[in-house]
Every structure is written in C-alpha cells, then in structure tokens.
Protein chains: 2
Amino acid sequence: MGPAAAKPARHTNLTDVARRAGVSSMTVSRALRRPESVSEDTRRRVERAVAALGYVPNNIAGGLRSRRSRTIACVIPTIASPVFANVVQGLTDVLYGHDYRVVLGTSNYSEAEEQRVTAGLLAHRPEAVVLPAGDHRRELGRLLKRVGVPVVEIWERLENPVDMNVGFSNRDVGAAVVTHLVERGARRIAFVGMGADEHARARARREAYAETVARLLDQKPIVFDAPFTIDGGRAALARILRDDPAIDAVFCVGDLPAVGVLLEAHEAGCAVPQRLMVAGFGDHEFGRQIRPGLTTVRVPERRIGQIAAEMIVGRLGDHDTGPRAIDVGFEVIPRDSTARTQADDSG
Amino acid sequence: MGPAAAKPARHTNLTDVARRAGVSSMTVSRALRRPESVSEDTRRRVERAVAALGYVPNNIAGGLRSRRSRTIACVIPTIASPVFANVVQGLTDVLYGHDYRVVLGTSNYSEAEEQRVTAGLLAHRPEAVVLPAGDHRRELGRLLKRVGVPVVEIWERLENPVDMNVGFSNRDVGAAVVTHLVERGARRIAFVGMGADEHARARARREAYAETVARLLDQKPIVFDAPFTIDGGRAALARILRDDPAIDAVFCVGDLPAVGVLLEAHEAGCAVPQRLMVAGFGDHEFGRQIRPGLTTVRVPERRIGQIAAEMIVGRLGDHDTGPRAIDVGFEVIPRDSTARTQADDSG
DNA sequence: ATGAAAGCGCTAACAC
DNA sequence: GTGTTAGCGCTTTCAT
C-alpha cells in the first residue's frame, strides 16, 4: 500500500482491562471465556472494566495462540443464486449460534477461481471449509487434504467425498420424477435438457430419466436440448409437438424451461395436464404462481447448510461421532401440471 | 470445548520455508509480499521452498502484527433475499480483486441481533464494516464510532450517514413512478402499501407518492393496504375496483403485490393498461415474464455492493480521496402494464 | 538486499 | 481461583 494508508488505531486490550479491574490479564481472559471459572467478585469487576473501556476482544490474537480462528470458509459459485444463498443462510443460522463466523468466497463457476479463492481463504486458517460437491480440480483436493482442514462437500451426494458430505442424489430425482409421471398416467415421456451446457447434476437427472423410462415404459430416451431459459422451454415444446405428438409428458431439467413449456402449451392450445403433463426441478417461485401450477422437485437448500454446519460443529467440538455423509433427500411437489386423473387419461 | 476437541495441526510456517530456502524468515516474508524487493536468486529459492513444503501463509499471524486483517465485515438481514445476495456478490466481486475477504453476518431483520452479530464480527478486526442503512440501534452507531472502523451504510441514501453511504432515494422512486404514470395518462392513482408492516423505505415511497399526486394531479392520496404478497395484491385490486372505479392507475409498494394486481385485473376483465395501469418496485423476475410485462423500478443492487467495496478500498489504500456518499439512482423500467397510448386514453 | 530483535494481543501450560 | 511465563507466526523496525 501507499504512504497514506490508514494506520488502524490501537484498541483497548486485555491488559488495559486487567489494569482497570486490578487483576492479571489472564484472569480477564478467563472471566470472559468461562465466567464460572473465576470468583463472583472478580467477574463483576472485570465486567465493569470491560464496559467502562468499551473493550472489544481480539479474536485474531486469541486465535493465533489457540489455533482456533472460529471461522468457517465457504466457497460457492455465486451468492446471486437462490440455491447457494439459501445454503449459506442455513450455514450462518447454525454457525453463529456456536460462535463461528463465515468467510465467503465466490468462484463464479470457474474451477481455477475456486482453487485460487479457496487457497486465499485458507490463509485465514478456517476451522473448516464448505464447498459444493463437484468437479473441483485435483489440486484443490490435494491442498485441502494437506492442510488437513475438515471439508464438507454440499449439494450433491457423493460416492467418494473428500471428507464430509451433505446433499441429495440427482439420480434419485430423475427416477422419482419419471415414476411420478408414470403413476399419473404418462406413456411417452420426453426430457428437455441443456445440451452442451449440461453439468454433472443435469447429466445425473437425464441418465436416471433414461433408465427409468426404459424400466417402467420400455421406452427409449427422447431428449430435446434447449437453452436453460423460459424461451428455451418454449422452443423445445414447439419441436416436441411437431416431431413426436405422441409424447404425453415432459420432464424438464429445470423449472425455467418447464415454465416455458407451460406457456407454449397454453398458446398452442395443448391442454396441461390432460393432453400433456409437465414437471421441472428446483421449485422456482415462478412455478408456484403460474397456472396450472408446475409440478417440481424441491431440495431442502437451507437444511443442507444447517446440516453442514452441524457436522462441522460436531467435528470441531467434543462430540465427533456424527455421520460423515448425509442424504437429505428431496421432495416431488405435485401440482396441477401433472394432476391427470384416470378420466383425463382415458380421453 | 470438551476432551476430544480436534487439536488443529501445526502448519508449515515461514521459518520452515526459510530454513529450506537457506535464508531468514524475514527474507521469505519479503519475497512473498514484494517479490521485487529481493534478489532474483532469492526469490526463486523461496518459491521453490514454498512449493516443496506446500506452505500456506498465515494471515492471522501477519494481521496481528500489522493490524491489517484483510477482512471486511458485512451484516445484512438475510442472505436469502436476492436484494442482499446481489449486494454481497457485488462486494465480493471487487474486494477479492484487492485481496480482501468478506465475513458475513445476518441479523434476521432484528436490530438486537444486528447489534450482537456486528459486535461479534468486530472481534475479528475487520478493516471496514458494511451494513444496510436503517434503523440500527444508537448503541451500534456508538460502538462503530468508538472502534473507529470505516463503515459503509448501503441501500438507502442517508441524510446523516455514520460514515460512508451508497444507495438511492426511495422518495425519488415514489416521485419518478408517479410522474411516469401521469405522463402515460393516469388521472387518478392509488397506492398499494403494506399497512402496519411498513418500513422506512416503504414509507418514503408512499410519502413521495402522496406529494407527487398532490402536485401533479391535485389529488389526495388513496392508499390500500395489503399483505406484501401476490394474494395481497389481488385482494387490494378487488377492493379498488369496488370502492373507487375511477382509479386508472395503481402504484404498488413492491412487485409481488403488483403481480397480484395484474393477475386479478386479468380475471376481473379489467384491461391493463387501457383501463388500468400498474407499476411496482424491485424488478422481480416475475414481472419480466408475466403478460403484460410489469412496469417497475430497478435498483442496481450489485452495483451498490461494488461501489461500497470501491469506497472501502480507496479509504484503506492510499487514495482516500473519493466521495463519502454516492447516490446510485435507479431506473424506471417501462413495460406493457403502463404502455398506454393517447388512443387508449381517449377511449 | 538481508538479517536480528522485538512484539502484536492473546491463551496454553504450569505454578501456587 | 489466580498469576507467571512463554510463545502462536508473522511483520515492524532498525541495523548492516
């Protein structure tokens, strides 16, 4: 930095408080952290001195000595996505109650940046690291292992987590949605996917779709790729109606294209759910408000954050006995877009 | 903590690297922070030693001595709101580029918790604090002042900020929306507010609405209160149509009720914008997708975070010359819900 | 360009 | 229940 860089002022410290309270700084430290370990009289005098001087503890110093930073690092692609925002909210919910702070990093969906940001955060000696399961670089895994910090991979359930893991199975999602559609009377189900943009989670849903239609309907996969947007969904349905009118249900990789399918169906005079059923993924607010309501899959995002936090607290505390991996599951939310009755089906 | 509390391992430190590189630890420190200040040969040997040992710097230790934590605290009501999520994203965008980390706290809309959380974050000696402008407790202001840490109050423009301030004026918003409606031909404008739930921002919009309709239309304020939900908006419009059919435009305190108004208008056969114009606030995704598109106000949330970060970087660096308060303004986004033409108006 | 000494503010470890 | 001593890992300061 330059010449005029603001020199942070010296704050009141433990010694100041100790002097004022007429005890040693060690006693102040104890009075603050474990009030029951000092005499009532001492405690009171310390409290008064703290208040009088406006003392704010310095966790940096304490953390240096005790090697406990009371800090948890969390690296996500972006906070400007409800998915991760909710996860982070769940994390802080629980962590703050245990006097841990969350230091945030964002990778902007870049593995290189994820690596760089995580390395940067490690300089603050977090007591644990939370990051989305996924295609981190091998380097990152090695770095994390070498540093030896507890890691929670969130969002997806993993076969071989680096350390701890909380999430759900996208394969189970694909199977559950297809099963739901079949139960509601679907006989020919298309999948609207993301094409080249497909990520590991989307792929898992698509593969499970393919397996499940094969198993339940003896049907080959019918995949229409489209941009992951409402307009993408519209375009996809237009092609579906033209290319394969026998299709009577569409499973979209996400709610955004699913809403597009719904809108396009409305304009094309294709009755939902009677003629066509539609299901999405993500429980976007949209799908709740649109008519007919969109059947979708809700993932307990916030709960994932909370469980990750609980795992960390357990691991760092004295009850390191909890599970290291948890499948939080998900919920298929049936709404009107798949509310076909037998009567509809027979029509 | 208890007996089994995980004892964090000792990490490789500067001295280890120094030994390996055959130099003093001071030289390693310099080589890492200002590579140009050591000889080329030294630099190379240090780099090699760092790589070989997998050294991760310890910012806690460095920060203790240098009194620079390279940490910025940010306290917001909740991260599970796109508004604040975007602000935080803007903050981290810029801050990471300057090698600062963001430590997050959430107040859950409680002033008491805001106070508590902020105090907790201060223990980590952030070099600046970012928090929404608003009704913090007086205590908080005093605490922040006493600690002497730079503060940025965000979101709203303030008359008397504690320190720095970036945001926009909700009064200006109210005036701009009403002006827009009048320009499009509105002659009698109602406001859909939040009743008892009204917060300072909502109040500013309502007051500016009242002043502007008085000034431009010589009209008394007509306020319908409703829950801040889509259904709230529906109910409000039902009452409006019944109680005061001369109303030809509705300004809603937020997009959620505005969408409700739009939906209810559709069902009631009330043509938008010909018979009724509708405007909201917040540029919710909903309003972009619904038909007719909802005229609304967009606030540059992310930009607010970025500017706050830039102010901080400037203040902490050697160019502490920038403005201490910035009005980022906002944008009225005209969509079809207010796209009335002269022809419509004359009908 | 490099090194030695000191110390940031706190807590672990060990007295008493 | 309280105090003393040492030292966490780094950077500031001063010397060379």
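Every chain is numbered from 1 and lettered A, B, ... according to where its sequence line falls, protein lines coming before strand lines.
- Atom CD in Glu40(B) sits about 12 Å away from atom P in dA1(C), given to the nearest Å.
- Of the candidate nucleotides dA12(C), dT11(D), dG9(D), dT11(D) has the atom lying nearest to any side-chain atom of Ser66(B).
- Here Asn58(A) does not reach the OP1 or OP2 of dG9(C): none of its side-chain N or O atoms lies under 4.0 Å away.
- For Arg65(B), the side-chain atoms get nearest to dC8(C) when compared with the rest of dT11(C), dC8(C), dG9(C).
- Annotation: cation-pi geometry satisfied between Arg70(A) and Tyr100(A) (NZ/CZ under 6.0 angstrom from ring centroid, within 45° of ring axis).
- A donor and an acceptor atom never sit less than 3.5 Å apart when one is taken from the side chain of Arg125(B) and the other from the base of dG9(C).
- Arg30(A) comes within 4.0 angstrom of a base, heavy atoms only.
- Using a cut-off of 4.0 Å between Lys/Arg side-chain N and Asp/Glu carboxylate O, Asp16(A) and Arg10(A) are scored as salt-bridged.
- Checking the phosphate oxygens (OP1, OP2) of dT2(D), a side-chain nitrogen or oxygen of Ser39(A) falls inside 4.0 Å.
- Checking dG3(C), dT4(D), dT2(D) against the side-chain heavy atoms of Met26(A) singles out dT4(D) as nearest.
- Formation of a donor-acceptor pair under 3.5 Å by the Glu114(B) side chain with backbone atoms of Ser107(B) is not found in this model.
- Contact annotation: Ser24(B) side-chain N/O to dT2(C) OP1/OP2 distance is not under 4.0 Å.
- Salt-bridge annotation for Asp41(A) and Arg44(A): absent, with no side-chain N of the basic residue lying under 4.0 Å from a carboxylate O of the acidic one.
- Taking only distance into account, the side chain of Arg67(A) never meets the base of dG9(D) through a donor-acceptor pair shorter than 3.5 Å.
- Judged by closest nucleotide on DNA chain C, Glu36(B) is the one of Glu36(B) and Ala61(B) placed further toward the 5' end.
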